[in-house]
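Down below is the structure, laid out as structure tokens.
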Number of protein chains: 2
Amino acid sequence: MYRIEFNDFFTSAFSVDCIIFGYSQGEIKALLIKRAMEPFENLWAIPGDLIYPDEDLEEAAERVLFELTGLKQIAMHQSQTFGKPNRHPQGRVITVSYFALIRIDDFEVKASSWAGDVQWVSLKNMPELAFDHNHILSSTYDMLKLKLQNEPVCFDLLPERFTLNELQQLYEFAFDQAFDKANFRKKIKYIPLIAHDEKQKNVKHRPAKLFSFDQKTYVDAVTSNHYTFKM
Amino acid sequence: MYRIEFNDFFTSAFSVDCIIFGYSQGEIKALLIKRAMEPFENLWAIPGDLIYPDEDLEEAAERVLFELTGLKQIAMHQSQTFGKPNRHPQGRVITVSYFALIRIDDFEVKASSWAGDVQWVSLKNMPELAFDHNHILSSTYDMLKLKLQNEPVCFDLLPERFTLNELQQLYEFAFDQAFDKANFRKKIKYIPLIAHDEKQKNVKHRPAKLFSFDQKTYVDAVTSNHYTFKM
DNA sequence: TTAAATTATTGTCCAAATTACAATAATTAA
DNA sequence: TTAATTATTGTAATTTGGACAATAATTTAA
């Protein structure tokens, strides 16, 4: 059996792929870029980049997010790592995928050197993507759905003030099933929300009350060990 | 701003760390090795190895498991990836952690070149480990607990035939809380189990009936879209 | 052989959560 | 002012969950 030298291992690269999820018009969407060069020229892809030698993984994912959206201080969630030897046609590249949840209205997409065309694409209507990105995206979406059930990350997707129906519709989209309105409101009874006097505007019917997530009360409830978010 | 050449990225290594969980005497344990060389000589560590240039991640994790236990065809679960630039004193090493669930009685630990001393260590009583392995282990244990609640992986830890009390005690250990026997049995009512005529042996009291997990019925129930495992 | 001790297994009752569905309230638009 | 539309709240039946009790089966020691 031949012996592999230690240095032979240092022949691979690693990258992060950063799935940016947003929510608008009743649909969860991912921000994708159109590749301007080979391989997979003209196909849509998840934004990503190689990790610098001294850079932490999460830091690299934050950099990719920033370059594309200008947003900082957004929580990054690690999803999974993909490393089939032939997943990248130009060499061995292992990629760690992260996802970020943002409010679509909070920023403007920036063009960047490596991303000429950028677009929000609904998860209901996903085209063929470059590399193994369809696989990465769908695993990461599964992980998002898991978090939606166990942590209050839904409020990172919704506008700061939202109606209870908008909240419900987000879950209906994610889990592809309709819920009873009255029962949905009972279910969220213990989530700390602030009810505002403000109401929905520009709707052709009775406007709904606006709510926001009460982060402070939530943290208190969790740390004083009573409450766990569950959907 | 200086430009980083493409080849500069190929200066890092990847490894897998393979957390092998087992269950015996009412405790969930991890199989650890004692390091025989620097760095961290004489400290306990999670078994792991560098990934070969042409090797798939999961394949590498299976190899580590096999070298230590002789077991093959065990499901590997990816947990998380750890890549702080300074986590390894000898260079940049990003590590992907996997975990395997095995029946402690199904094998004999093998000594291997890199693992002189090998030992099962209870998760209730974990010493200081090498590198960032305490952190890796505790995140991975969290992931195991998540799976215990959503997938029937408990049966990979228990002997093929087990008593309902043994099943209960496994969950009591993992979630560090006692459950009512009668209520626990109601909760598992829909998990497909095969009741055998055989009974517990060598106990000083009324022996409990032995059960085994009915994999086939489980798969049928899931695919015919009725059933989801929940604990 | 028998009774005490121990644990397995099943049952009951009450409270809490879930589900299906209905009723009422508040707006807009005509 | 009224019809249309959606928001919001309520009710009753059903299911689930938790506390606790009762009974069954087996071993061990007297």
Side-chain angles (χ1 to χ4, degrees), chain A residues 25-26 148-150 154 158-159 161-214 221 225-231, chain B residues 25-26 148-150 154 158-159 161-214 221 225-231:
Chain A
Q25 288 150 299
L148 282 171
Q149 285 178 316
N150 299 295
C154 51
L158 290 168
R161 296 189 175 198
F162 52 85
T163 70
L164 298 183
N165 251 341
E166 285 168 345
L167 178 61
Q168 178 173 344
Q169 282 157 15
L170 170 54
Y171 278 90
E172 289 183 336
F173 180 90
F175 297 100
D176 198 23
Q177 83 179 276
F179 301 110
D180 179 276
K181 277 189 180 190
N183 297 336
F184 185 83
R185 279 150 199 250
K186 278 184 216 159
K187 181 143 81 174
I188 65 173
K189 190 166 45 169
Y190 298 111
I191 301 177
L193 297 179
I194 299 166
H196 298 279
D197 288 334
E198 195 187 348
K199 298 201 172 138
Q200 225 178 359
K201 292 211 171 66
N202 302 321
V203 286
K204 297 199 209 317
H205 51 75
R206 173 180 171 184
K209 198 183 272 194
L210 291 177
F211 292 82
S212 58
F213 179 55
D214 189 345
N225 227 317
H226 296 312
Y227 177 71
T228 54
F229 181 95
K230 264 291 169 198
M231 286 293 282
Chain B
Q25 290 150 297
L148 283 170
Q149 286 178 314
N150 299 297
C154 51
L158 291 168
R161 296 188 176 199
F162 52 85
T163 70
L164 297 184
N165 251 339
E166 284 168 345
L167 178 61
Q168 178 173 346
Q169 282 158 14
L170 171 54
Y171 278 91
E172 289 184 337
F173 181 90
F175 297 98
D176 198 23
Q177 80 178 279
F179 302 110
D180 179 277
K181 277 189 182 191
N183 297 337
F184 185 83
R185 279 150 199 250
K186 277 184 221 159
K187 180 143 81 174
I188 64 174
K189 189 166 45 171
Y190 297 112
I191 301 177
L193 297 179
I194 299 166
H196 298 279
D197 289 334
E198 195 187 348
K199 296 197 173 141
Q200 225 177 359
K201 291 209 171 69
N202 302 321
V203 286
K204 298 198 206 325
H205 52 75
R206 173 179 172 184
K209 197 183 274 196
L210 291 177
F211 292 82
S212 57
F213 178 55
D214 189 345
N225 226 320
H226 296 310
Y227 177 70
T228 53
F229 181 95
K230 264 292 169 197
M231 286 293 282

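Scope of the values below: all heavy atoms of this structure, side chains included, with no hydrogens, waters or symmetry mates. By convention in this document, chain letters (A, B, ...) are assigned in the order of the sequence lines, proteins followed by strands, and residues within each chain are numbered from 1.
- Taking the side chain to side chain donor-acceptor pair (under 3.5 Å) definition, one finds that R161(A) meets it with H196(A), E198(A), sequence neighbours left out.
- Residues meeting the side chain to side chain donor-acceptor pair (under 3.5 Å) test with K230(B), sequence neighbours left out: N150(B).
- Scanning for ring pair (Phe, Tyr, Trp, His ring centres under 6.0 Å) contacts around F162(A) gives F155(A), with sequence neighbours left out.
- Residues forming a salt bridge (charged side-chain N to carboxylate O under 4.0 Å, His left out) with D176(B) (at least two apart in sequence, or on another chain): K124(B).
- Remark: C1' of dA24(D) and NZ of K199(B) are 11 Å apart, rounded to the nearest angstrom.
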Output the pairing pattern of DNA chain C as a dot-bracket string, 5' first, Watson-Crick or G-U wobble with both distances under 3.5 Å, | for cross-strand pairs, [ ] for crossing pairs. ||||||||||||||||||||||||||||||

Only distances under 3.5 Å count here; give the side-chain donor-acceptor pairs of residues 177-188 of chain B to other protein atoms, sequence neighbours excluded, each with its distance to 0.1 Å.
from, atom 1, to, atom 2, distance (Å)
D180(B), OD1, A182(B), N, 3.0
D180(B), OD1, N183(B), N, 2.9

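- Summarising the geometry, atom SG belonging to C154(A) is positioned 6.5 Å from atom CG belonging to L148(A); distances are rounded to the nearest 0.5 Å.
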Just the table, please: protein N/O against nucleotides 7-11 of chain C N/O, every pair under 3.5 Å.
from, atom 1, to, atom 2, distance (Å)
dA8(C), OP1, N165(B), ND2, 2.8
dA8(C), OP2, N165(B), ND2, 2.7
dA8(C), OP2, K181(B), NZ, 2.2
dA8(C), N3, R206(B), NH1, 3.0
dT9(C), OP1, K209(B), N, 3.1
dT9(C), OP2, R185(B), NH1, 3.1
dT9(C), OP2, R185(B), NH2, 3.1

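- Applying the side chain to side chain contact (heavy atoms under 4.5 Å, CB included) test to Y227(A) and every residue at least two apart in sequence or in another chain returns Y190(A), I191(A), P192(A), Y218(A), A221(A), V222(A), F229(A).
- Taking atom NZ on K189(A) and atom P on dG10(D), their separation rounds to 12 Å, with Å as the unit.
- K209(B) is linked by a side chain to side chain contact (heavy atoms under 4.5 Å, CB included) to A195(B), F211(B), counting only residues two or more places apart in sequence or in another chain.
- Put simply, K187(B) has no side-chain N or O that comes within less than 4.0 Å of OP1 or OP2 on dT16(D).
- The salt bridge (charged side-chain N to carboxylate O under 4.0 Å, His left out) search around E172(B) returns none, not counting sequence neighbours.
- Less than 4.0 Å separates DNA chain C from no heavy atom of any residue of residues 171-179 of chain B.
- The structure places NZ of K199(B) at 13.0 Å from OG1 of T163(B), a figure rounded to the nearest 0.5 Å.
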